[in-house]
Amino acid sequence: METGVTCSARAPILPNISSQHPVAFFIPRPISPSSSSSSRNWSVKKTSFLGDSVWVRPKSSSQRVPRRKNTSLGAKCEIGDSLEEFLVKSTKDKGLTRLMVCLGEALRTIAFKVRTASCGGTACVNSFGDEQLAVDLLANKILFEALRYSHFCKYACSEEVPELQDMGGPIEGGFSVAFDPLDGSSIVDTNFTVGTIFGVWPGDKLTGVKGRDQVAAAMGIFGPRTTYVLALKDVPGTHEFLLLDDGKWQHVKDTTEIGEGKIFSPGNLRATSDNPQYAKLIDYYVKEKYTLRYTGGMVPDVNQIIVKEKGIFTNVASESAKAKLRLLFEVAPLGFLVEKAGGYSSDGKQSVLEKVIAGVDDRTQVAYGSMNEIIRFEETLYGSSRLNNMAP
């Protein structure tokens, strides 16, 4: 019987995590009104994955997406692969594979915590057991513990804890990770889609590096569906994995080209009051009858470009409305995902992946989209575009 690595509902996936209030990584059992306990297959057995004990459960044929060859990966990876299968086929770096799997487990747990958060007048908190924490702080805690458990993360920092934290992993063959634990946490109470962003750099440096130096980047999207969208440096395309009822991540889509299409997501519109070039760009979108698709959450707005394979996201600064998006935690990882998907990014003059991250609090304006949309963005704001010679 074919088996896949997954998380048992009866045991934490990340054991032996020491903290005052340990975070249990688990998935509740899916419940079907038409099924009985005798008809469900809950048989699990213990095996090892990358040297650690994990639980495996037989793959559910009813959950499988029909496989098709992914020609962009040389017929190597397939739609329908599990996350573990995809990573094993895509990279020989077992440390990177383990890191991405552990982050997938963290995203799975965060998705459950967001779904079960109780929202009051000031914050959304999780009230299970001792976890009286706002969901963004809880997500932050879960991610740090997952990175520590991976054993391949040397340093990590987040928007909530912007100082480098030693995760105990090696420098040689290890990685450093920067993440935004819950982008859009202020809109959890309105039940909008929110997400997690992270970038992975080799070795022990998160400053003095560029976004181009990332070996991987990903985002978790917590909406009507829970998805894990990731890109690896040496693998073409950006890839979407769907969280199934049995707790597995399944490869459901790859994106290798961002085409033209009239969808726009304009952030920081306050800047149009004293940035006439940005006002002119927004006026163009309106006059040309672009469709407005803006949620106020950066993750869903950028993910939309990758999933729909078209559109433009902008967040422009002005004297009165300064840039607020952080290069390390948000802009560079999302730029990596968009450019690996066949799109482009810009701060107005260059790709955001070419910007040197001098400090963890560096901020920048940004646009993501197709080539022609980025050309329009750069020309409108600064009169010329570096991409003109590349445009068909």
Side-chain angles (χ1 to χ4, degrees), residues 1-7 13 27 30 49-50 54 56-94 96-111 146 193 195-198 200 214-258 299-300 302-309 333-334 336-343:
M1 179 179 292
E2 189 182 15
T3 60
V5 177
T6 187
C7 171
I13 192 70
I27 286 295
F49 178 65
L50 296 179
V54 294
V56 297
R57 181 186 298 132
K59 289 183 177 179
S60 169
S61 59
S62 63
Q63 296 281 7
R64 297 292 289 176
V65 173
R67 291 178 180 266
R68 66 174 174 82
K69 293 292 182 183
N70 181 352
T71 55
S72 69
L73 293 178
K76 188 177 180 182
C77 297
E78 297 175 330
I79 297 298
D81 280 346
S82 69
L83 173 64
E84 293 81 5
E85 289 170 338
F86 173 87
L87 290 169
V88 168
K89 290 178 180 180
S90 299
T91 178
K92 295 180 180 179
D93 190 331
K94 290 186 177 181
L96 183 59
T97 294
R98 180 174 172 82
L99 185 77
M100 301 303 285
V101 168
C102 286
L103 286 167
E105 298 300 335
L107 294 179
R108 187 199 325 251
T109 304
I110 292 168
T193 295
T196 295
I197 306 167
F198 59 84
V200 181
Q214 291 172 96
V215 294
M219 56 183 169
I221 299 97
F222 315 123
R225 302 185 306 147
T226 297
T227 56
Y228 183 11
V229 176
L230 63 85
L232 306 177
K233 184 174 184 177
D234 297 325
V235 179
T238 296
H239 305 274
E240 181 183 63
F241 292 81
L242 176 67
L243 183 62
L244 302 179
D245 285 347
D246 61 5
K248 299 192 193 77
W249 293 106
Q250 190 170 77
H251 189 198
V252 294
K253 178 179 173 59
D254 54 77
T255 304
T256 57
E257 182 178 0
I258 304 296
V299 165
V302 175
N303 185 56
Q304 171 180 246
I305 295 172
I306 296 171
V307 172
K308 298 294 187 183
E309 301 182 3
L334 293 182
F336 188 88
L337 290 172
V338 170
E339 293 200 14
K340 289 291 290 185

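Separating the NE2 atom in H239 from the CG atom in L83 is a distance of 11.5 Å, to the nearest 0.5 Å. Atoms CG and CG, from L96 and L232 in turn, are 6.0 Å apart once rounded to the nearest 0.5 Å. We find the CG-NZ distance between L87 and K92 to be 15.5 Å, quoted to the nearest 0.5 Å. Atoms CG and CD1, from L334 and I197 in turn, are 4.0 Å apart once rounded to the nearest 0.5 Å. Once rounded to the nearest 0.5 Å, the distance linking CZ of F336 with CE of M219 reads 13.0 Å.
The heavy-atom pair separating W249 from T227 by the smallest distance is CZ3-C, 3.7 Å. Residues A106 and A146 approach most closely at CB-CB, 3.7 Å, considering heavy atoms. The minimum heavy-atom distance between T193 and G223, with the atom names listed, is OG1-CA, 3.5 Å. Closest heavy-atom contact between L230 and A218: CB-CB, 3.8 Å.
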Discussion item. Let's go through M100 and F198 carefully: what are the C-alpha distance in whole Å and the side-chain angles of both, what is the deciding distance for side chain to side chain contact (heavy atoms under 4.5 Å, CB included) to 0.1 Å, and is it a yes or a no?
Written reply: CA-CA 11 Å; M100 301 303 285; F198 59 84; 4.1 Å; yes

Worksheet item: Do V235 and T91 pass the side chain to side chain contact (heavy atoms under 4.5 Å, CB included) test, and can you show the C-alpha distance, the side-chain angles, and the key distance before you say yes or no?
Response: CA-CA 8 Å; V235 179; T91 178; 5.8 Å; no

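Partners of E240 under the side chain to side chain donor-acceptor pair (under 3.5 Å) rule, at least two apart in sequence or in another chain, are R225. For A111, the side chain to side chain contact (heavy atoms under 4.5 Å, CB included) test picks out R115, F222, T226, with sequence neighbours left out. Applying the ring pair (Phe, Tyr, Trp, His ring centres under 6.0 Å) criterion to F241, with sequence neighbours excluded, gives F86, H251. Partners of E309 according to the side chain to side chain contact (heavy atoms under 4.5 Å, CB included) rule, which considers only residues two or more places apart in sequence or in another chain, are K253, T255. Residues passing the side chain to side chain donor-acceptor pair (under 3.5 Å) test with E339, sequence neighbours excluded: R212, S345, S351.
The closest donor-acceptor contact from the side chain of T238 to the backbone of L337 lies under 3.5 Å.
The list of salt bridge (charged side-chain N to carboxylate O under 4.0 Å, His left out) pairs with a residue in residues 230-239, not counting sequence neighbours, is empty.
Two residues are said to be in side-chain contact when any heavy atoms from C-beta on lie closer than 4.5 Å; E78 and E85 fail this criterion.
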